There are 2 protein chains.
Amino acid sequence: MKLGVSPDTFPPRSHEAKRISVVGAAASVFCREGFAGANIDLIAAEAGVSRQTVYNHHGDKEKLFVAVVRDLTERCNAGIFATIATFPDQPGNLEADLIGFAMRMNRNCICNRDGRFLRKLIQTEGERYPELFAEWREQGPGRTWSALAARFARLAYAGHLAIKDPDVAARQFLALINAELQISFMLGGMPDDEEVLQSATNGVRTFLSAFGRQKSASHAARKSALVGA
Amino acid sequence: MKLGVSPDTFPPRSHEAKRISVVGAAASVFCREGFAGANIDLIAAEAGVSRQTVYNHHGDKEKLFVAVVRDLTERCNAGIFATIATFPDQPGNLEADLIGFAMRMNRNCICNRDGRFLRKLIQTEGERYPELFAEWREQGPGRTWSALAARFARLAYAGHLAIKDPDVAARQFLALINAELQISFMLGGMPDDEEVLQSATNGVRTFLSAFGRQKSASHAARKSALVGA
DNA sequence: GACGAATTGGACAAGAGTGTCTAATTTTGT
DNA sequence: ACAAAATTAGACACTCTTGTCCAATTCGTC
């Protein structure tokens, strides 16, 4: 809004910057403590702002919570679609390209701060805010899955995969590349790059064993060695 | 509450029955409201007991919470191992048997009341109680995965599957049979039998496409039709 | 029927948190 | 530099919740 007024460095600091700071701190506190356990004083302190400013900007604990969820939803969806845009439509090495895509998906959408926060908030408070939840549901997983399914369908049409139901394949792809990260998620922790790579690699290999065409050279070799056929 | 006043049927009602009732109600309320939001009065009312009785039995909100988690952990683990004991070691029809097993796993361990409650409590309050969490982690997923991996390894050794790493296969099996239930879990809702069957069927089919040996008659037929090899 | 233990409902103090208000101070725009 | 707007710190009323205490009642057992 008030961008670039001052000479240099940090032009927009006061009004909008504080708002952002508050929403960010609120996300963190709501996640750690839950809605009921979250303390406005703590949020204000963590944002480096007085309590009154929190009320001036958002009016209400509940309104603040809604603002947090909307903010996270928006950024997460943006990240997801930016990542889906990097899907390997014309793969050189299908396995390597899909592993790279899986890594980006995990890193940028599922394991990052926004993704973990949003997931936790939906899990903990989703039942209390059905409208907010419905909104996320439409914009989030629904579109993600169909967008991803479309990409897989294209890949199958081009002869790189043998897929009967692209929607099922898309969901299973996501499930597989996250299969080994479930415990880390339960802990609320952030899996390290090693784990993410391992999970993505194992997931993509199994996915290709199930849906790959024998054509793919390296894959066919690995598969025949594995299955012994 | 005044059940079984008659001569027999329910000898131990008062003391222990109330304890169980309180723990059950507390599980429900802790799940809905979170630890901070849970109200002892509400728990007491939901258990059909006075607030004082809650304090008499468990002494403290925190102690009550620990009791709830221990109770859920115990019952969930028992259910999981009882279900793993039904794993098809000598399958007649591998696909059908695995789908049946997947259904039992989903229904009795993951989608039932205890499973959903425990998962949610760990997600929401796990970070606040690291010891409790570590205990569950050792007893729960760790043992589950290795027990399941052992079963898959045996199946592979008997020639029914082609598995390189049984641990990975076990985790991916669980991920696949739940792939289509993720949204329901996010909602905290209970997926109906139709959804569970669909998810289990799709998951097992993909699992067998990836790890099945061509030998299996019906499977080989389906696979060759699918992959065109 | 009687005794002891458990349960109940209610009152209670203590503490914590929300949301409001105000006066003083700082920041921003002109 | 000046005026308007935003921010701050603190006090405040109000509500809610926890955990304790107690007298009356009920329940299980002998």
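Sequence lines set the chain letters: A, B, ... in the order given, protein chains first and strands last, and positions in each chain run from 1. Nothing here was measured: the structure is a model prediction, and the numbers come from that model.
A straight line from OH of B:Y55 to P of C:dC12 spans 18 Å, rounded to a whole angstrom. Atom pair A:H58:NE2 and D:dT7:C1' shows a separation of 15 Å (rounding to whole Å applied). The separation between A:K61 atom NZ and C:dA16 atom P is 16 Å, rounded to whole Å. Put simply, CD1 on B:I43 is 12 Å from P on D:dT17, counting in whole angstrom units. Distance, B:D41 CG to D:dG19 P: 11 Å, rounded to whole Å. One atom, CD1 of B:I40, and another, C1' of D:dC16, lie 14 Å apart when rounded to the nearest Å. At whole-Å resolution of the value, CD in B:E33 and P in D:dC16 are 15 Å apart. Atom CD in A:Q52 sits roughly 9 Å away from atom P in C:dC21 (whole-Å rounding).
The shortest distance between the side-chain N/O atoms of A:N39 and the OP1/OP2 oxygens of C:dA16 is not below 4.0 Å. Taking side-chain N and O atoms only, B:S50 has no distance below 4.0 Å to OP1 or OP2 of C:dG9. Applying the 4.0 Å criterion to OP1 and OP2 of C:dT8, one finds that B:T53 has a side-chain N or O inside that range. Distances shown here put every side-chain N or O of A:H57 at or beyond 4.0 Å from the OP1 or OP2 atom of D:dA6. Under 4.0 angstrom from either OP1 or OP2 of C:dG19 there lies no side-chain N or O belonging to A:K63.
B:P191 and B:L181 make their closest contact through CB-CD2, 3.9 Å (heavy atoms, listed as atom of the first residue, atom of the second, distance).
Between A:R75 and A:D71, at least one side-chain nitrogen of the basic residue sits less than 4.0 Å from a carboxylate oxygen of the acidic one, meeting the salt-bridge criterion.
Among the heavy atoms of the strands, none lies under 4.0 Å from A:A36.
Comparing C:dA11, C:dT7, D:dT8 by their nearest atom to the side chain of A:V49 picks out D:dT8.
For the 3.5 Å distance criterion, the side chains of B:T201 and B:R205 fail to qualify, holding no donor opposite an acceptor. B:T73 and B:Q139 share no side-chain donor-acceptor pair at under 3.5 Å.
Heavy-atom distances to DNA chain C give each of B:R51 and A:R51 a nearest nucleotide, and the one nearer the 5′ end belongs to B:R51.
Evaluated for a ring pair (Phe, Tyr, Trp, His ring centres under 6.0 Å) with A:F152, the options A:F211, A:W145, A:F87 yield exactly one hit, A:F87.
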